[in-house]
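To start, the structure under review is shown below, and the notes come after it.
Sequential numbering from 1 along the given sequence is applied to the chain's residues. This is a predicted model, so every value here is computed, not measured. Atoms within each ligand, like the ligands themselves, are counted from 1 in listed order.
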Amino acid sequence: MASDMTPADYEALKSQLNYHSYRYYVLDDPTLPDAEYDRLMQQLQQLEAAHPDWVTPDSPSQRVGAKPMSAFAQIQHALPMLSLDNAFNAQDMRDFNKRLQDRLKSTEEIEYACEPKLDGIAVSIVYRDGLLVQAATRGDGSTGEDITANVRTIGSVPLKLLGEHYPALLEVRGEIYMPKQGFERLNNLARERGEKLFVNPRNAAAGSLRQLDPKVTAARPLEFCCYNVGQVEGSVPDRHTDVLLALRDWGFLINPEMRAVTGVEACLEYFEALGAKRNQLPYDIDGIVFKVNSRALQATLGFVARAPRWAIAHKFPAQEEMTQLLDVEFQVGRTGAVTPVARLEPVFVGGVTVSNATLHNRDEIARLNVKIGDTVIVRRAGDVIPQVVSVITSRRPPDARDVVFPSNCPVCGSEVVQVEGEAAMRCSGGLLCQAQVKEGIKHFASRKAVDIDGLGDKLVEQLVDEGLISSIADLYRLGDKREQLLALERMGEKSADNLLASIDTSKTTTLAKFLFGLGIREVGETTARALATHFGKLSALMAASEPELVALNDIGPVSAASIAHFFADQRNRELIADLQAAGLHWPEHEPVVAESLPLAGQTWVLTGSLEQMTREQAKEKLLALGAKVAGSVSAKTHCVVAGPGAGSKLAKAESLGVAVLNEAEFITQLAAWGQGE
Ligand code: IVH
């Protein structure tokens, strides 16, 4: 607590903050999550409020950021580039509003501009007589770096202003950021090339801007969105939102979510509404900025040390937090892949409490150089699974332990091996491994395989753990174990009967679904369907040689090897015989050469709603006829089936002269090709 702190604690806190702001602003390599930095800064501010006599000029509260790097020329800002105070909850927002009303000696509701707080880099761009003459980073608020050459490469930055009625001198301020999609693409590319990954879109934007070669910046997916003006010679409107609209007319990108609202309660509603949309936005935001909309009132209210009185940033829950890596456990998947999972000291991040995060594979552990006991930064953005993005090595305890990848499977003890050319390490136990057995059964029962309704993951675990089943074939013998089934926790007569009925129903399936359900490596839904179509009979597929498989259009050499290997294994052949003996069956047909199917080589598109069948059923029929079914129309599309409600795809087909069938015509055609009901 602030009241217990001594002057020595204050000194320590200041140097800690100074160090971290140097890492953040100068090195572009922060080792502390923003939220933790904010908390330390708040603590410092509270301490300074309680002891104004302690404050020294070197306190981070007395300046903004840190000194810029020397590689770029320095630029003095005509007006300081300030920071914003933060609000962390509704009460902070109401207090802010009350402070303003008190200062203005008015109880009238204040009009606020609401804008997403983009998570990027603040920049100032100066236009003289409509031409871009200079761009600078914020730096320490009074001096920034000259990044004109780099900023000129960003498409959303106008080099010349549009229209005629712009001020003779106009300084535009805003944020340069990297949209989420571009960030993913950039990191995927870096991963493929074995290069260093960016921790988050903000870091990627910062790294892209401080390139000495503008060509590098030009190749990065950056955007500029403006949120204010600085120095102006000439006139701009009085309302802040009208200034932004003027900027839009002059050629700038402004945030489409920007609104003007009246009163603090409306601000809170906006905050909730945008918070709900946060994950769907194409860029990262870390809060909402609320600004008094009247520039005249802004001038009356003025500034305090580091921030304007008339604006505040209401923060969302942070997407990155710091926590401790307690242990690393290894999970075994269906294909035996052994995945390291970080067990974390629970931490609230991205709106939920996270206690596990994936570490992907052994290469990732090496890349992060992570040890057990380390302080790590965990990121959870949207629905993406939580990830450990970096390690704060300066906080490594002396007893930190190396992560040792097991040489034996943690579940069955079989040897763990690395297949050449693969990042994953795999348990070699196959069906002897309980973990693989469980995952294999879950996969077999899943909707896209034989679809056993009511057999969820938990129940599979229970059944295997209690020894009721140890293979997918055992599922079909559960009827003989009704008593044991009823003895399971939370298993009543009714649910047992329902489960047995679903298992019985699943016996009638298709060859494609059965093949997919077997979980043969490299055989996904599409490959399973291609195999079923081509061979028609399971016996024909089982007899096929590897060269025969490779000769098929849709099968590559890796899948062919995996398929041949699977059917060569006596245990798999026995399993299949067992399943067939238990009653699994599917319609078979004579082998078909895919190329001879009526729609071979054609691409079809389904759009609008169909009434006689579902879109999924229509797709099945087209696939069985040898067609590919695509999601969008192009010049290569052969035919579009358009039901009621068809929109842009139908319009595009018509403009490209692509054939269009309605549902009735489609059904007639299907019958002609032998795919009628
Ligand atoms: S207004 C005097 N508006 O947040 C007003 N800032 O913590 C100062 N930011 O340095 C800024 N989106 O980098 C403003 N719509 C927005 C913003 C925004 C992001 C950043 C900006 C600034 C930091 C302040």
What part of [X], side chain from CB on, backbone N/CA/C/O, both or neither, has a heavy atom under 4.0 Å from ligand 1?
X	value
R173	neither
V289	side chain
M81	neither

What protein heavy atom sits nearest [atom], and how far off is it?
atom	answer
atom 5 (C) of ligand 1	L84 CD2, 4.0 Å
atom 3 (N) of ligand 1	K291 NZ, 3.1 Å
atom 22 (C) of ligand 1	Y227 OH, 3.8 Å
atom 9 (N) of ligand 1	E175 OE1, 3.6 Å
atom 12 (N) of ligand 1	L118 N, 3.1 Å
atom 8 (C) of ligand 1	L82 O, 3.9 Å
atom 10 (O) of ligand 1	R138 NH1, 2.9 Å

Y127-E171 side chain donor-acceptor pair, cut-off 3.5 Å:
no
Close-contact set for ligand 1 against [X] heavy atoms, below 4.0 Å:
X	value
P308	2 (C)
P116	12 (N), 15 (N)
E115	3 (N), 15 (N), 16 (C)

Polar proximity ligand 1 side, K117 side, N/O cut 3.5 Å exclusive
yes
Check whether any N or O atom of N228, backbone or side chain, sits under 3.5 Å from an N or O atom of ligand 1, and answer yes or no.
no
Is the side chain of [X] donor-acceptor paired with the backbone N or O of [Y] at a distance under 3.5 Å, no angle test?
X	Y	value
K14	D9	no
S15	E11	yes
H77	T137	yes
N187	F198	yes

Report yes if the distance between the aromatic ring centroids of H20 and Y37 is under 6.0 Å, otherwise no.
no
Applying salt bridge (charged side-chain N to carboxylate O under 4.0 Å, His left out), which residue pairs with at least one partner in residues 78-88 are found, sequence neighbours left out?
D85-R306
Output side-chain donor-acceptor pairs under 3.5 Å for residues 215-224, partner residues at least two apart or in another chain, one line each.
| residue | atom | partner | partner atom | Å |
| --- | --- | --- | --- | --- |
| T217 | OG1 | N150 | OD1 | 3.3 |
| T217 | OG1 | S208 | O | 2.9 |
| R220 | NH1 | S208 | OG | 3.0 |
| E223 | OE1 | Y177 | OH | 2.7 |

What's the separation between atom OG1 in T241 and atom CG in N293, rounded to the nearest 0.5 Å?
3.5 Å
Would you give the length of the straight line joining atom CG of L247 to atom CZ of F252, rounded to the nearest 0.5 angstrom?
6.0 Å
Sub-4.0 Å heavy-atom contact, G120 with ligand 1:
no
